[in-house]
Amino acid sequence: MNSVWISFCFSIMLLNNLKILGADGLRTSYLLYDVNYGEGFNLRRDVYIRFANLVRFLNLYQSQTKWTLVLPPWGQLYHWFNNRSLGQLPWSTFFDLPSLNLFVPVLEFDQFQAETNRSPISKVYYMESLPFTDGKWLERTHQHWFGWMYGYGERQPISEFSCLGVQAEAKTLVDFVVSLGPVRSVMFDRGESVIHGSYSEWSPEWWTARRSMVFSKRLRKLAAEFRQQYLSSTDVADGTVRPADWRRLRAAEGSAIGGPYLAAHLRRLDFLRAHPDATPSIGSAASQLIRLSRSLGLSTVFLATDDPEAESQLTEQLLKAGAADIRLVRFANSAAAESLTDGELAILDQIVGSHARHFVGSRASTFTYRLVEERSLLGFARSSSIGVFCKGVEDDCEPGTYWAPQYEPRFTLTGENSREEL
């Protein structure tokens, strides 16, 4: 078992822990977490899986306590530039909360404050790497501290604040949380420090949490309308009809056909610096799109990109190469995009991209990873999903990573399959 290193850096006591029983006679406790401010949207989605599984394990091992995961509000993140993305956005903006609750109990942060009457969070742990020498703990004390707390500031008090040096996967933290005894609420800051470990993408536990992360019904409806209007794509024709309950979705690989278009995710802005050896020039990307389009017999390309200049530059390169018949389509150009946050636009790009007949992505991009996961759940063949842009047109670069979905019997339903109505 991984070791848990604990060092109490500082603490301020405001009041004793509350002990409140629910209607079922179980003690109600809340688990909160946050992620380093600089981390992006799609990595934060992955961190959710780690803490959802932590809550799952806590509820399995603590029969007298019902743990609920409190969802951290979304603030303005990297790649989110418009004024509609400024902060404190609830998870229901992006995800379907009833679907999340079919896996573990979840609660929006505002709901948590209402349920607890804005009582102080019992224990907050800031996770960090601490030196460990000759079997001794390193202790550090600070006289002053200030917490971001999702931008809520002084509106959310805490009872005790400590530093926690940790090298552990989510399940290892179960022992630590249990060792705290009866506690009303616990929060872990810098949640990205917790790893999946044995519950990574190859495990049924990881996939169960991932399967429950269904996008909001409103965004799925917008994506369906866009696909039908601009891409001649419908779920019935494409073989991508989803059941109303994610536990009933178990599509065989290769069963999905996809809409008559190629989807491309071209990550550029920060990747030009962070991954220069894997990021193509606009000219190289255009040549690769032409080659793919011709080989697949598809003349429409749905483009998802973080570069606002990429579409016009690609169009220019396509015209120069005599490929004026290849049409670029972006959700960002639609009338519906004008009222949406950048996070919503990113999810719509992923939904539309996940329904394409073929997809090509960007190496090392979590956006591409999440989109490929969606395609695998819908039943697309891996050969249609793992292509990535190479640096050069003639480069023989390795395809992206593909993990086949795993299904736990407890969270996989069979029998009559009701169709989802949007």
Side-chain angles (χ1 to χ4, degrees), residues 35-47 76-82 85 129 192-193 195 200-201 262-296 301-321 323 326 328-332 342-343 345-347 349-350 353-354 356 358-375 382-403:
V35 181
N36 179 32
Y37 182 74
E39 302 296 348
F41 184 55
N42 291 292
L43 182 136
R44 289 169 182 265
R45 288 169 57 186
D46 189 65
V47 174
Q76 187 166 14
L77 307 178
Y78 190 79
H79 293 308
W80 290 12
F81 302 116
N82 70 37
S85 308
S129 298
E192 73 279 3
S193 302
I195 64 174
S200 293
E201 292 88 339
L262 166 66
H265 172 227
L266 184 59
R267 176 84 170 264
R268 284 187 55 76
L269 293 184
D270 59 332
F271 269 33
L272 290 170
R273 301 185 307 273
H275 300 280
D277 294 336
T279 304
S281 66
I282 288 293
S284 174
S287 296
Q288 293 176 64
L289 287 177
I290 293 171
R291 178 183 292 182
L292 261 178
S293 297
R294 298 290 187 245
S295 66
L296 296 168
V301 177
F302 176 76
L303 178 65
T305 181
D306 62 334
D307 185 350
E309 305 297 326
E311 181 184 9
S312 60
Q313 293 173 350
L314 282 170
T315 300
E316 181 180 351
Q317 292 296 320
L318 292 175
L319 291 173
K320 286 182 178 180
I326 296 179
L328 296 181
V329 177
R330 294 194 67 197
F331 195 98
D342 287 328
L345 291 173
I347 285 178
D349 278 348
Q350 290 192 349
S354 69
H358 196 93
F359 171 69
V360 57
S362 293
R363 184 178 304 279
S365 167
T366 52
F367 183 103
T368 287
Y369 295 159
R370 301 292 88 83
L371 199 155
V372 172
E373 291 160 10
E374 288 295 319
R375 291 179 63 82
R382 69 185 67 195
S383 59
S384 72
S385 303
I386 60 175
V388 293
F389 282 104
C390 301
K391 173 69 175 179
V393 179
E394 302 301 328
D395 292 349
D396 184 19
C397 54
E398 294 183 5
T401 303
Y402 179 93
W403 296 100

Donor-acceptor pair, [X] side chain versus [Y] backbone, under 3.5 Å?
X: S284; Y: P280; value: no
X: D306; Y: R268; value: yes
X: Q288; Y: C390; value: yes
X: K391; Y: S281; value: no
X: R267; Y: S365; value: no
X: R375; Y: S384; value: yes
X: E192; Y: R44; value: no

Are the side chains of V372 and W403 in touch, meaning some heavy atoms are under 4.5 Å apart?
no
Quick one: [atom1] on [X] to [atom2] on [Y], what's the gap to the nearest 0.5 Å?
X: R382; Y: T401; atom1: CZ; atom2: OG1; value: 11.5 Å
X: Q350; Y: L345; atom1: CD; atom2: CG; value: 12.0 Å
X: S200; Y: I195; atom1: OG; atom2: CD1; value: 7.0 Å
X: T366; Y: L43; atom1: OG1; atom2: CG; value: 6.5 Å
X: L371; Y: F359; atom1: CG; atom2: CZ; value: 4.5 Å
X: F367; Y: N42; atom1: CZ; atom2: CG; value: 7.0 Å

Using the rule given for side chain to side chain contact (heavy atoms under 4.5 Å, CB included), can you reason through V360 versus L292, listing the C-alpha separation, both sets of side-chain angles and the distance that settles it, and then say yes or no?
CA-CA 9 Å; V360 57; L292 261 178; 3.9 Å; yes
Q317: what forms a side chain to side chain contact (heavy atoms under 4.5 Å, CB included) with it, not counting sequence neighbours?
I282, A286, K320
Give the C-alpha distance, both sets of side-chain angles, the deciding distance and a yes or no for side chain to side chain contact (heavy atoms under 4.5 Å, CB included) between D270 and H275.
CA-CA 8 Å; D270 59 332; H275 300 280; over 6 Å; no
Once side chain to side chain donor-acceptor pair (under 3.5 Å) is applied, do any residues pair with [X], and if so which ones, sequence neighbours excluded?
X: R330; value: none
X: T305; value: none
X: T368; value: H265
X: D349; value: none

Mind running salt bridge (charged side-chain N to carboxylate O under 4.0 Å, His left out) on E39 and R45 for me, showing each step along the way?
CA-CA 10 Å; E39 302 296 348; R45 288 169 57 186; over 6 Å; no
Determine whether F302 and F331 satisfy the following criterion, side chain to side chain contact (heavy atoms under 4.5 Å, CB included), listing intermediate values before the conclusion.
CA-CA 8 Å; F302 176 76; F331 195 98; 4.3 Å; yes
Nearest atoms (heavy-atom pairs only) where F271 meets R363:
CE2-O, 3.2 Å
Show me, pair by pair, the donor-acceptor contacts under 3.5 angstrom made by side chains of residues 308-315, not counting sequence neighbours?
| from | atom 1 | to | atom 2 | distance (Å) |
| --- | --- | --- | --- | --- |
| E311 | OE1 | N333 | ND2 | 3.1 |
| E311 | OE2 | N333 | ND2 | 3.1 |
| S312 | OG | E309 | O | 3.1 |
| T315 | OG1 | E311 | O | 2.8 |

Under the side chain to side chain contact (heavy atoms under 4.5 Å, CB included) criterion, do T279 and S362 qualify, and how do the steps go?
CA-CA 8 Å; T279 304; S362 293; over 6 Å; no
Out of I326, L266, L262, which residue meets the side chain to side chain contact (heavy atoms under 4.5 Å, CB included) rule with L289?
L262
